[in-house]
Amino acid sequence: MAVYPFHTLEKKWQQYWADRQTFRTPDEPVPGKPKYYILDMFPYPSGAGLHVGHPEGYTATDILARYKRMRGFNVLHPMGWDAFGLPAEQYALETGTHPRVTTERNIARFRQQLQSLGFSYDWTREVATTDPKYFRWTQWIFLKLYNSFYDPDLNRALPMALLEDALSDQPRRREDWAGSAYLDGTHAGYLQTPPEQRMAARAGLLRHMRLAYQAEVAVNWCPALGTVLANEEVIDGKSERGGHPVIRRPMRQWMLKITAYAERLLVDLDTLDWPDSIKEMQRNWIGKSEGAEVDFPVSLKPSAFSPQPLSIRVFTTRPDTLFGATYMVLSPEHALVDQITTPEQRAAIKAYQEAAARKSDLERTELQKTKTGCFTGAYALNPVNGEKIPIWIADYVLATYGTGAIMAVPAHDERDFEFARTFNLPIVEVIVPGGSAAVPAALAGVPSASKAAGGTSAATRGTRVLPFTGDGVNVNSANAEISINGLPTPEAKQKITAWLAGKGIGQAKVNYKLRDWLFSRQRYWGEPFPVIFVDGQPQPLPADALPLELPEVATYTLSGTGESPLATIPAWLNTTDPATGRPAVRESNTMPQWAGSCWYYLRFIDAHNDRALVDPAKEKYWMPVDLYVGGAEHAVLHLLYARFWHKVLYDAGVVSTQEPFQRLVNQGMILGEVEYTAFYDESGAPVSAEFAGDDHRDTRTMAKLVAERIEEEFVEKQGDFFVLRENSAIRVTARAFKMSKSRGNVINPDDVVRDYGADTLRLYEMFMGPLEQVKPWSMKGVEGVHRFLNRVWRLFVDDRADALLPELVAVAPTRDQLRWLHRTIQDVTADLDTLRFNTAISTMMEFVNECQRWTQRPRAVLETFVLLLSPFAPHLAEELWQRLGHAGTLAYEPWPACDAACLVQDTMEIPVQVNGKLRGKVTVPTGAAQAEIVAAAQAEAAIAPHLAGKTIRKQIFVPGRLLNLVVG
RNA sequence: GCCCGGGUGGUGGAAUGGCAGACACAAGGGACUUAAAAUCCCUUGACCGCAAGGUCGUGCGGGUUCGAGUCCCGCCCCGGGCACCA
């Protein structure tokens with residue numbers, strides 16, 4: 001068999017690298033040597049083992065790590081485990097196996113699989129989030145969060161001690177908070193508070209200003225998983241993991257105040273070299289909108305049920321439409337609902353509130369087509385025109401955004417329009433499309449107010465269709481004091497906002513969609529919170545009490561009350577306050593999986609430090625991460641949380657950079673092999689795919705169809721479609737699907753390594769196409785790159801003799817050979833610098849195809865080629881390098897340099913176009929002048945006829961590239 | 001609905017506004033072999049033609065340009081994300 005001995009050779013070099021710690025990065029920074037920190041996204045070591053999607057990104061980073069080492073960089077390329085996670089605990093529930101046991105077994109398998117692929121990780125820096133030595137520092141960061149507050153004036157986090165100081169009669173650290181208008185103001189406010197109220201006010205502020213705080217909030221409770229989930233972990237009302245239903249339920253939770261960082265998380269995106277799509281997703285998630293808050297006085301008939309004047313504050317991005325506000329809507333949970341509801345409406349409102357509370361997120365989304373709501377019986381006054389407008393409640397207004405209340409402008413908002421139509425509420429148009437020039441004419445025909453016509457899809461005013469939600473020009477928008485009529489939208493917004501502010505009934509306001517991060521999980525298998533409760537008040541553990549470890553338990557059964565299993569272990573739960581010796585209770589929730597992955601990139605820098613999370617000098621040397629590669633599924637979860645923690649650590653002086661990941665690249669998903677599917681009806685007769693609906697029914701008859709996978713040989717392409725070979729009227733579908741167990745199209749990397757070797761797998765993963773792109777797997781393609789590696793082997797080695805070939809000689813290379821080599825160096829280098837691994841491999845294939853033809857192969861040329869290949873197929877390259885007579889690894893050999901002098905040729909071939917059409921080519925001396933080339937073209941047999949009898953009107957000459965003759 | 005990507009041979013893909021289809025797979029033909037495997041060589045976008053050669057061709061329709069897969073405008077289709085956020 002003429003296959004190179006990849007098995008023995010790959011094992012041999014993996015052993016060699018491990019024995020000599022070839023890829024160990026020096027513990028201390030290397031002064032003067034440029035650093036390169038290249039990081040893979042932290043894998044969760046699942047029981048299923050490695051998937052072919054994993055090695056895609058890992059191979060890319062490994063190739064680059066090896067390349068950068070050869071270019072003289074001090075490279076940090078680590079690997080570790082995001083090891084807390086629900087599956088191990090679910091498994092514990094079923095089998096009683098400790099999650100730690102399962103996790104360690106899975107880690108061992110993952111590690112072994114990764115090592116079998118020859119990745120050049122520095123394994124001495126391996127970390128796992130489940131290791132107490134690691135989560136000690138996760139807990140330490142939590143304490144930082146707990147002991148910090150956000151100063152909106154300085155726009156950074158500060159120690160709680162400063163806020164405590166400001167909230168005291170005689171501050172002692174005033175110089176520490178100099179420059180903070182916020183703390184000055186807080187202190188002044190404190191002094192104005194009557195002394196008997198100060199303690200309570202102080203405690204209240206301290207409680208809610210912390211970056212880690214507790215709140216009783218409506219959470220996404222997933223009964224099946226027995227835990228709450230973050231908003232980001234709920235997809236379409238179901239859990240992201242497992243697809244279980246999720247309901248709303250109020251619970252005491254730890255929250256992290258990520259909202260304080262919303263603006264910085266938003267603006268600092270501009271400094272990052274990340275894919276635009278990811279940045280855009282984060283921008284959308286943060287969801288900044290600028291507008292105004294406006295107070296609407298509640299108009300109550302003088303009566304007993306409201307002794308004080310009330311007002312309702314709303315947030316709007318369109319204060320310019322204020323004159324068109326014809327009703328208000330509060331969210332069903334709004335605090336004022338009870339106070340304003342009239343006795344007649346009380347029962348109806350109560351019923352509506354209860355119905356809304358019961359709805360799950362899923363139901364809320366499903367029911368969004370029809371607007372529901374209930375009138376409170378109360379009215380408010382539109383502050384700009386004094387109109388009395390009804391106040392409703394409706395679940396299309398969210399309690400958690402803005403103020404939980406809106407002013408409804410049905411003429412200029414889709415939702416308000418729909419609601420107004422449903423409940424027959426007035427619609428007043430105050431914006432007309434177009435520039436200011438169009439205003440006078442438009443003004444004339446606009447009625448001041450009109451009732452909505454129920455039933456039609458949109459109301460029409462003249463030629464205009466409502467709702468009109470774009471920018472335009474104001475009409476109908478004036479009172480005795482102010483007019484914004486005729487103003488274009490941006491100016492109208494500005495003018496009315498200034499007027500509102502002057503009257504003290506409104507102000508400019510910025511809002512974010514981003515909500516605080518719900519940080520508690522009711523599970524066993526996670527980091528315990530370093531918090532105890534004394535008399536019900538939370539108290540952080542001192543840093544020297546860390547790590548707080550998980551207790552051993554007899555059973556992993558959920559408590560059933562929504563509490564963590566930890567709550568059922570009195571021996572662990574009940575403790576004493578180390579400060580006072582008084583009885584205390586531990587926090588029984590644990591942290592979510594994202595906690596450990598928020599900062600792991602810092603730990604890799606100084607993995608075994610037991611005095612600090614990371615040594616500052618090392619952090620300064622290695623940060624930021626130069627290249628971060630992983631899947632796009634982490635766009636708003638991990639990547640936003642990690643940026644948030646990093647900024648907190650920056651404010652605390654623990655890290656020196658504002659952002660952790662300078663450059664981010666997303667690898668595209670790898671799909672299964674392309675599948676052809678034909679459809680058959682019940683009688684077994686084939687049905688063309690164009691008639692097969694999504695639900696596998698015939699779209700014409702609605703008869704049920706059977707989908708059947710068929711082999712490629714029975715299919716051919718006809719026009720734009722694939723059809724059955726035996727019956728071309730029957731179309732079949734051709735598609736690659738996501739790999740899944742149920743579909744049975746999962747490729748196991750172990751099988752590929754066994755049959756073709758690790759170098760083949762690495763090469764194929766990169767050869768499939770651009771890294772970022774989604775692409776289907778093809779076993780035939782694997783064989784293709786495997787053949788290439790065999791050809792490389794035979795370039796050097798005589799199969800039968802197992803020795804170097806006689807063709808491989810120490811002769812001086814010809815100019816032609818040198819040109820091939822240096823062109824290859826040039827292209828491979830450029831491709832590596834731009835992460836175009838697929839074309840780098842193509843270039844090397846071309847080189848090998850050419851090299852095979854050489855009867856004499858200059859040793860120096862081939863040695864250089866081995867170095868070019870080595871980042872891609874390191875085992876094969878090391879073996880060839882050794883056989884060529886070198887001692888030791890090639891991992892730190894200098895990367896070959898391209899000599900431009902070797903690239904020049906004596907002659908060049910120039911394509912010649914006539915009137916933009918390619919008509920032929922001429923071969924001329926390199927550097928030939930335009931006139932020479934034109935002369936050569938006129939003499940060329942293929943070109944001359946197209947010029948005959950015509951005059952050349954124009955010559956377009958791109959030196960070295962092309963000549964275009966325009967004739968007529 | 002909104003926001004991102006993307007549509008190039010039978011397939012994966014390649015092409016700083018300058019030779020469309022590199023490289024690889026598949027298919028067909030040939031060499032070697034008693035035979036097979038492996039390997040090597042040739043052909044391979046479509047159409048017309050014996051050939052030389054010609055015409056067409058990068059989802060569709062326009063435009064800019066000497067020249068467009070690439071830039072601009074308007075559509076269609078596929079994939080991903082978000083979605084009552086006022």
Side-chain angles (χ1 to χ4, degrees), chain A residues 1-3 236 275-281 283-285 287-289 291 314-318 321 329 364-365 367-369 371 394-398 400-403 405-409 412-416 418-419 511-515 632-633 635-636 668-669 674 712-713 715-717 720 722 734-736 764 767-770 772-785 787-788 790-791 794 799 836 838-839 841-846 849 852 909-921 941-942 945 953-958 960-967:
Chain A
M1 189 84 152
V3 171
D236 292 334
D276 286 335
S277 61
I278 300 287
K279 289 204 235 180
E280 204 52 33
M281 279 190 234
R283 285 190 194 105
N284 290 339
W285 195 265
K288 180 179 185 175
S289 53
V314 301
F315 172 71
T316 177
T317 55
R318 292 298 297 269
T321 63
V329 187
R364 279 204 180 192
T365 353
L367 294 174
Q368 83 183 53
K369 293 141 219 158
K371 290 271 180 293
D395 67 2
Y396 85 89
V397 173
L398 305 176
T400 47
Y401 183 75
T403 61
I406 62 157
M407 65 176 206
V409 185
H412 305 293
D413 181 279
E414 305 269 0
R415 300 149 299 182
D416 296 346
E418 227 182 286
F419 191 81
N511 253 313
Y512 300 91
K513 278 201 268 188
L514 186 70
R515 319 269 168 82
E633 67 273 18
V636 286
M669 203 195 315
V674 173
E712 194 180 356
E713 52 186 308
V715 172
E716 64 183 2
K717 185 141 185 189
D720 289 336
F722 286 92
R735 232 194 95 179
Y764 177 66
F767 186 64
M768 293 169 84
E772 306 86 340
Q773 202 161 298
V774 177
K775 42 212 176 250
W777 187 267
S778 158
M779 262 318 174
K780 290 288 186 188
V782 176
E783 287 170 23
V785 294
R787 278 200 282 271
F788 164 68
N790 272 309
R791 281 201 294 277
R794 288 196 305 269
D799 287 339
R836 287 147 30 119
N838 55 329
T839 49
I841 295 167
S842 296
T843 300
M844 289 189 289
M845 286 175 168
E846 286 179 77
N849 289 346
Q852 271 181 311
E909 196 181 53
I910 301 287
V912 179
Q913 296 180 343
V914 178
N915 288 344
K917 271 197 188 342
L918 181 74
R919 292 301 179 183
K921 295 165 190 179
R953 304 213 181 274
K954 197 169 172 187
Q955 301 180 5
I956 289 118
F957 178 61
V958 186
R961 299 285 309 187
L962 154 142
L963 175 70
N964 184 11
L965 300 172
V966 183
V967 301

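To find a chain, count down the sequence lines: A is the first, B the second, and so on, and within it residues start at 1. Every value quoted in this text rests on a predicted model; they were computed, and no experiment measured them.
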Exercise for review: Select base, sugar-phosphate, or nothing to describe what Thr843(A) touches, counting heavy atoms under 4.0 Å on all strands.
Suggested key: nothing

Exercise for review: For Asp276(A), report the nucleic acid contact type (base, sugar-phosphate, nothing); a contact means any heavy atom under 4.0 Å.
Suggested key: nothing

**Study point:** Nucleotide opposite C50(B) in a Watson-Crick or G-U pair, distances under 3.5 Å
**Key:** none

Revision key, fill the gap. Pairing partner of C23(B), by Watson-Crick or G-U wobble and under 3.5 Å for both distances, is G12(B)

Check your understanding: Within 45° of the six-membered ring axis of Tyr396(A) and under 6.0 Å from that ring's centre, is NZ or CZ of Lys371(A) located there?
Key -> yes

Revision key, fill the gap. Leu918(A) atom CG is separated from C56(B) atom P, nearest whole Å, by 13 Å

Check your understanding: Across all strands, who's sitting opposite C2(B) as a Watson-Crick or G-U wobble pair, both distances under 3.5 Å?
Key -> G81(B)

Review point. If the P atom of A22(B) is compared with that of C42(B), how far apart are they to the nearest Å?
Key: 14 Å

Review point. When we call it a touch if two heavy atoms are under 4.0 Å apart, what does Pro770(A) touch: a base, just sugar-phosphate, or nothing?
Key: sugar-phosphate

Check your understanding: In whole Å, what separates the P atom of G61(B) from that of C56(B)?
Key -> 15 Å

**Study point:** Partner nucleotide of C32(B) by Watson-Crick or wobble geometry (both distances under 3.5 Å)
**Key:** none

Practice item. In whole angstrom, give me the gap between the P atoms of G21(B) and C75(B). Key: 33 Å

Study note, to complete from the structure: Among A86(B), G18(B), C3(B), the one nearest any side-chain atom of Glu280(A) is C3(B)

Review point. To the nearest Å, how far apart are Asn284(A) CG and A83(B) P?
Key: 10 Å

Exercise for review: Classify the nucleic acid contact of Glu772(A) as base, sugar-phosphate or nothing, counting any heavy atom under 4.0 Å across all strands shown.
Suggested key: nothing

Review point. Counting only Watson-Crick or G-U wobble pairs whose two distances fall under 3.5 Å, which nucleotide matches C56(B)?
Key: G45(B)

Practice item. Would you classify Glu846(A) as touching base, sugar-phosphate or nothing, given that sugar-phosphate means primed atoms plus P, OP1 and OP2, and contacts are heavy atoms under 4.0 Å? Key: sugar-phosphate

Check your understanding: Using a cut-off of 4.0 Å on non-hydrogen atoms, how would the nucleic acid contact of Ser277(A) be classed: base, sugar-phosphate, or nothing?
Key -> sugar-phosphate

Check your understanding: Has Gln852(A) got a side-chain N or O lying under 4.0 Å from the OP1 or OP2 atom of C40(B)?
Key -> yes

Review point. Do the side-chain N or O atoms of Arg735(A) get closer than 4.0 angstrom to the phosphate oxygens (OP1, OP2) of C78(B)?
Key: no

Review point. Rounded to whole angstrom units, what separation is found between the NZ atom of Lys717(A) and the P atom of U11(B)?
Key: 4 Å

Practice item. Consider the side chain of Thr316(A), meaning its heavy atoms from C-beta on, and name the nucleotide among U11(B), C82(B), A86(B) that approaches it most closely. Key: A86(B)

**Study point:** Protein-nucleotide distance (Met845(A), atom CE; C25(B), atom C1'), rounded to Å
**Key:** 10 Å

Review point. Does CD in Glu772(A) sit with more than 12 non-hydrogen atoms of other residues, nucleotides or ligands closer than 6.0 Å?
Key: yes

Practice item. Would you give the length of the straight line joining atom CG of Asn838(A) to atom OH of Tyr764(A), rounded to the nearest 0.5 angstrom? Key: 12.0 Å

Exercise for review: Rounded to whole angstrom, note down the C1' distance from G9(B) over to G45(B).
Suggested key: 5 Å

Practice item. Would you mind classifying the nucleic acid contact of Lys513(A) as base, sugar-phosphate or nothing, using non-hydrogen atoms under 4.0 angstrom? Key: base

Revision key, fill the gap. Of Thr839(A) and Ile278(A), the one whose closest nucleotide on RNA chain B sits nearer the 5' end is Ile278(A)

Practice item. Provide, to the nearest angstrom, the distance between the OH atom belonging to Tyr396(A) and the P atom belonging to A86(B). Key: 13 Å

Point to revise | Donor-acceptor pair present, Lys954(A) side chain and C66(B) base, under 3.5 Å | key: no

Review point. How far does the C1' atom of C77(B) sit from the matching atom of A68(B), given to the nearest Å?
Key: 22 Å

Check your understanding: When the distance from CG of Asn838(A) to P of A22(B) is rounded to whole Å, what number comes out?
Key -> 15 Å

Practice item. In whole angstrom, give the distance that lies between atom CE of Met669(A) and atom P of G6(B). Key: 16 Å

Review point. Counting only side-chain N and O atoms of Arg836(A), is one of them less than 4.0 Å from OP1 or OP2 of A14(B)?
Key: no

Check your understanding: Leu398(A) CG to A83(B) P: how many Å, rounded?
Key -> 11 Å

**Study point:** Rounded distance in Å between the P positions of A83(B) and C78(B)
**Key:** 23 Å

Practice item. Would you mind classifying the nucleic acid contact of Val958(A) as base, sugar-phosphate or nothing, using non-hydrogen atoms under 4.0 angstrom? Key: base

**Study point:** Spacing of the C1' atoms in C76(B) and A26(B) (rounded, Å)
**Key:** 30 Å

Point to revise | Under-4.0 Å side-chain N/O to phosphate OP1/OP2 contact, Arg787(A) with A26(B) | key: yes

Exercise for review: Look at the side-chain N and O atoms of Arg283(A) and state whether any lies under 4.0 Å from the OP1 or OP2 oxygen of C82(B).
Suggested key: no

Exercise for review: Would you mind telling me which residue lines up with the more 5' stretch of RNA chain B, Ser289(A) or Ala942(A), judged by nearest nucleotide?
Suggested key: Ala942(A)

Practice item. With a 3.5 angstrom cut-off on both distances, give the Watson-Crick or G-U wobble partner of G69(B), or none if there isn't one. Key: none

Point to revise | Gln773(A) vs G13(B): side-chain N/O to OP1/OP2 distance below 4.0 Å | key: yes

Exercise for review: Considering just the side-chain nitrogens and oxygens of Lys775(A), establish if one lies under 4.0 Å of OP1 or OP2 belonging to G13(B).
Suggested key: no

Check your understanding: What is the nucleic acid contact for Gly784(A), judged by heavy atoms within less than 4.0 Å: base, sugar-phosphate only, or nothing?
Key -> sugar-phosphate

**Study point:** Given U39(B), A86(B), U11(B), the nucleotide with the shortest approach to the side chain of Arg794(A)
**Key:** U39(B)

Practice item. If the glycosidic angle is within 90 degrees of 0 it's syn, otherwise anti, so just tell me which one G49(B) is. Key: anti

Check your understanding: Which part of the nucleic acid does Phe767(A) contact within heavy-atom distance under 4.0 Å: base, sugar-phosphate only, or nothing?
Key -> base

Review point. Is there a side-chain polar atom (N or O) of Asn964(A) under 4.0 Å from OP1 or OP2 of U65(B)?
Key: no

Check your understanding: Which nucleotide sits closest to the side chain of Arg961(A): G18(B), C3(B), U11(B)?
Key -> G18(B)

